Amino acid sequence: MFALVDCNNFYVSCERVFNGKIHHKPVVVLSNNDGCVIARSNEAKALGIKMGALAFENEDFFTKNNVEVFSSNYALYGDMSDRVMKTIAEMVPDMEVYSIDEAFIDFHHMPYEDLEALAQKIRQRVKQYTGIPVSIGIAPTKTLAKVANRYTKKYLPHIGVYQIDSDHDAEKALVNTSVEDIWGVGYKYAKMLNEHNIYNALELTYAKEEWIRQKMHVVGVRMLHELQGTICYNLDNEPSPKKGICVSRSFGQSQKDVKVITEAVATFAARCGEKLRKQQSCAHIVHVFLYTNRHRQDQPQYFNSKVLQLPTSTNSSIEIIRYALRGLELIFKSGYSYKKAGVMISGIVPENQVQIDLFDTRKREIDTKAMKALDELNRRMGRDTVKIAVQGFGRDWHLRQERKSRCYTTRWQEILEVEAWG
DNA sequence: TCTGGGGTCCTAGGACCC
DNA sequence: TCTGGGGTCCTAGGACCC
């Protein structure tokens, strides 16, 4: 058996842990730049606020309905996620952190009859230790555990656990799951399945394997088997190193100034270097891109990107920045209002398997030492305590985050203070 | 000049996930 | 003024190898 633990309305729940005033009220969390809704409380869902709803279009609606609106606070959510995952890890033999708010558990070696009770214990302890409510689905495959989890949230929120333990349990959950809610079915496949009169997960399990293979390829066949109870995906408890790394942002305000955009791109490149070093990899392809705001019909549009090959794979921020800025120089055209830029890194190899260049003259040991010192200082003293000069200090390009909550758990200056009268 | 049978690597595009 | 930011896997086709 597998279980899927999923935090309820995770970002909203994180905000609620530190803010007693927003319990039982409609709450939404917005994407970067306060663009659109990416998390909703149950009360907000009940008001009909959709995932992805545009913030600027709904300003009046939010005010009229007393909706509490937050900018996203990833420092808080990331730290809360760590706490939830650590709490679960202490209670089970083997788990996989699947996303910021989800974890799979392998119950392979657990006494069978105890699973539901154990799941309830996990729920209680996570709530007690972190303040975050979770729901748990238990089933013979990961895909069915996802189905069970969704079923709990929708139909048994007060219980919070659903176990698929028989054909009857499975059918009950599957018939109540629309195809678009199945793990692995997105917008396109849902449309295609509906056109062939397949509307729920149970109907899908009756489909012919060859037909699925033709329409949805092997990934679809695996999904079919998983829904039928045959394991195709096992627990993946050792995250493999990333094959591509991307850091990009929309600017809070459109930017024309090459200096500001240079600082932004340098910062993105530095962040790529950090991520590479964190997973002990090096890379030799740097890809820079630059956009104007495609939603503005009234402004001239420009998009360009440049891919640069490095002679030797590196994870030095200094070197990655140098190439990224060379790329930027080649694509930047003045006169446009830029909205977004980014740096992508690929051609990633483990740092101990770097093919060195016979004619390389760069003193790599110096960079390596410098990066190590920089990472250590930033780890101890906070991000960007030490940075490369070209990243600048202005951050004129930074995100719009007008309604961000405090970093309650990651910054001493922002920790909650409690006053008591005796 | 054309023929056969076996491969690999790379890229672009399309689907999906959170 | 205002529209997020990351990732994965699979397939088909082309270039190339012996």
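Below, chain A is the first sequence line, B the second, and so on; all start at residue 1. Just so it is clear, the structure is predicted and the values come from calculations on it, not from any experiment. Side chains are part of it too, since the values below use all heavy atoms of this structure and drop only hydrogens, waters and symmetry mates.
Of the residues in residues 201-221 of chain A, A/V218, A/V219 come within less than 4.0 Å of DNA chain C through at least one heavy atom, sorted by number. Residues from residues 47-59 of chain A that place a heavy atom under 4.0 Å from any atom of DNA chain C, listed by number: A/L54, A/F56.
A salt bridge is absent between A/K387 and A/E263: the closest approach of a Lys/Arg side-chain nitrogen to an acidic carboxylate oxygen does not fall below 4.0 angstrom. A salt bridge between A/E274 and A/K278 is absent, with no side-chain N of the basic residue lying under 4.0 Å from a carboxylate O of the acidic one. Here A/E376 pairs with A/R380 in a salt bridge; the nearest charged N to carboxylate O distance falls below 4.0 Å. For A/D60 and A/K64, the salt-bridge test fails: no basic side-chain N is under 4.0 Å from an acidic carboxylate O. A salt bridge links A/K153 with A/D6; the closest basic N to acidic carboxylate O contact falls under 4.0 Å.
Residue contacts shown for A/R249 are limited to sugar-phosphate atoms, with no base heavy atom under 4.0 Å away. Within 4.0 Å of A/R222, counting heavy atoms only, lie sugar-phosphate atoms of the nucleic acid but no base atom. If you check every strand for non-hydrogen atoms under 4.0 Å, A/D34 touches nothing. A/I245 comes within contact range of the sugar-phosphate backbone alone, with a heavy-atom separation under 4.0 Å but no base atom that close.
The cationic atom of A/R406 (NZ for Lys, CZ for Arg) does not lie both less than 6.0 Å from the six-membered ring centre of A/Y408 and within 45° of the ring axis. Judged by the 6.0 Å and 45° rule, A/K340 forms a cation-pi pair with A/Y291.
With DNA chain C read from its 5' end, the first of the two nearest nucleotides for A/G244 and A/G35 is the one closest to A/G35.
Every residue was checked against the side chain to side chain donor-acceptor pair (under 3.5 Å) condition with A/R294, not counting sequence neighbours, and none meets it.
Here ring-ring contact (aromatic ring centres under 6.0 Å, His included) pairs that include residues 377-401 of chain A, with residues two or more places apart or in two chains, are A/F268-A/W397.
A/M223 places a side-chain heavy atom less than 4.5 Å from the side chain of A/V185.
Nucleotides of DNA chain B with any atom under 4.0 Å from a heavy atom of chain A span, from 5' to 3', B/dA15 to B/dC18.
A donor and an acceptor atom, one from each side chain of A/N9 and A/K45, are located under 3.5 Å apart. With hydrogens and angles left out, the side-chain atoms of A/D34 and A/S71 include a donor and acceptor closer than 3.5 Å.
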What pattern of brackets, bars and dots sums up DNA chain B from 5' to 3', given Watson-Crick or G-U wobble pairs under 3.5 Å, [ ] for crossing pairs and | for another strand? ....||||||||||||||
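Ring centers of A/F2 and A/F104: at least 6.0 Å apart, outside the cut-off.
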